[in-house]
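What you see is a predicted model; the values in this text were computed from it and never measured. Throughout, residue positions are numbered sequentially from 1 according to the sequence presented.
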Amino acid sequence: MTLQELFAKENSWCQGFLTMPRGGDASSWCLMGGLIECYGECANAFYNAKVKLIASLRDEHGHGVSIYTYNDSPDRTIEDIRQLVKAAGV
């Protein structure tokens with residue numbers, strides 16, 4: 001599964017936590033939690049996806065934005081997240 005596929009689902013994104021359980025299982029993720037969920041089993045895939053995500057963040061917002069600060073910004077929306085992961089190709 002890719003981040004694009006993960007965050008295409010309703011209520012799949014959260015802020016302030018790596019994952020947010022609903023009904024006992026994790027069902028929403030922040031950007032970093034999503035990276036772990038989608039790519040965590042393979043170190044190379046995780047690293048490559050993270051690098052692509054960071055590159056897209058820097059292209060759009062400069063060097064002062066991290067995955068965490070971007071995700072947890074109070075004005076961030078799921079549409080912002082979807083656009084970012086699409087731009088990153090992850």
Side-chain angles (χ1 to χ4, degrees):
M1 178 182 304
T2 66
L3 285 175
Q4 290 179 66
E5 293 167 332
L6 181 71
F7 291 128
K9 299 174 186 176
E10 285 300 313
N11 301 313
S12 58
W13 173 68
C14 68
Q15 292 179 295
F17 299 92
L18 284 175
T19 65
M20 183 68 71
R22 290 194 174 94
D25 294 325
S27 60
S28 62
W29 298 262
C30 74
L31 279 170
M32 186 58 75
L35 279 169
I36 294 166
E37 176 71 15
C38 294
Y39 306 103
E41 292 184 16
C42 176
N44 284 341
F46 176 83
Y47 175 79
N48 291 335
K50 185 177 174 185
V51 167
K52 289 178 181 180
L53 196 58
I54 291 169
S56 287
L57 275 174
R58 288 185 176 164
D59 287 349
E60 189 72 26
H61 302 282
H63 288 276
V65 177
S66 74
I67 291 172
Y68 298 105
T69 57
Y70 182 82
N71 185 87
D72 292 343
S73 174
D75 60 341
R76 192 68 54 228
T77 68
I78 184 62
E79 290 307 318
D80 297 330
I81 300 300
R82 289 174 177 156
Q83 289 173 359
L84 175 67
V85 298
K86 183 177 181 180
V90 296

Seminar exercise, completed: Interatomic distance, CG@Asn71 vs SG@Cys14, rounded to 0.5 Å, equals 7.0 Å
Problem set entry | Spatial distance of atom OG (Ser12) from atom CD1 (Ile78) [nearest 0.5 Å] | 4.5 Å
For this session: Would you list the pairs meeting ring-ring contact (aromatic ring centres under 6.0 Å, His included) in which at least one residue belongs to residues 71-90, sequence neighbours left out?
Result: none
Exercise. Would you say the side chain of Leu3 lies within less than 4.5 Å of the side chain of Leu6, judging by non-hydrogen atoms?
Worked result: yes
Donor-acceptor pairs under 3.5 Å, side chain of residues 35-50 to any protein atom, not counting sequence neighbours: which ones?
residue	atom	partner	partner atom	Å
Asn48	ND2	Asn44	O	3.1

For this session: Any ring-ring contact (aromatic ring centres under 6.0 Å, His included) involving residues 63-90? Give me the pairs, sequence neighbours left out, ordered by first then second residue.
Result: His61-Tyr70
For this session: Sequence neighbours left out, what pairs pass salt bridge (Lys or Arg N to Asp or Glu O under 4.0 Å) with at least one residue falling in residues 51-67?
Result: none
Exercise. Which distance, rounded to the nearest 0.5 Å, do you find between the CG of Asp72 and the CE of Met32?
Worked result: 11.0 Å
For this session: Taking all non-hydrogen atoms of both residues into account, name the closest pair between Phe17 and Cys30 and its distance.
Result: O-CB, 3.2 Å
Exercise. Any ring-ring contact (aromatic ring centres under 6.0 Å, His included) pairs touching residues 71-90, not counting sequence neighbours?
Worked result: none
Exercise. Any side-chain heavy atom of Val90 sitting closer than 4.5 Å to one from Val85?
Worked result: yes
For this session: Kindly compute the distance separating OG (Ser28) from CD (Glu10), expressed to the nearest 0.5 Å.
Result: 12.5 Å
Exercise. Which pairs with one or both residues in residues 71-90 pass ring-ring contact (aromatic ring centres under 6.0 Å, His included), sequence neighbours excluded?
Worked result: none
For this session: Can you run down the salt bridge (Lys or Arg N to Asp or Glu O under 4.0 Å) pairs that involve residues 77-90, sequence neighbours left out, and say none if there aren't any?
Result: Arg76-Asp80, Glu79-Arg82
Problem set entry | Asp75: partners by side chain to side chain donor-acceptor pair (under 3.5 Å), with sequence neighbours left out | Ser73
Problem set entry | side-chain contact (heavy atoms from CB on, under 4.5 Å) between Ser56 and Leu84, intermediate numbers included | CA-CA 7 Å; Ser56 287; Leu84 175 67; 3.7 Å; yes
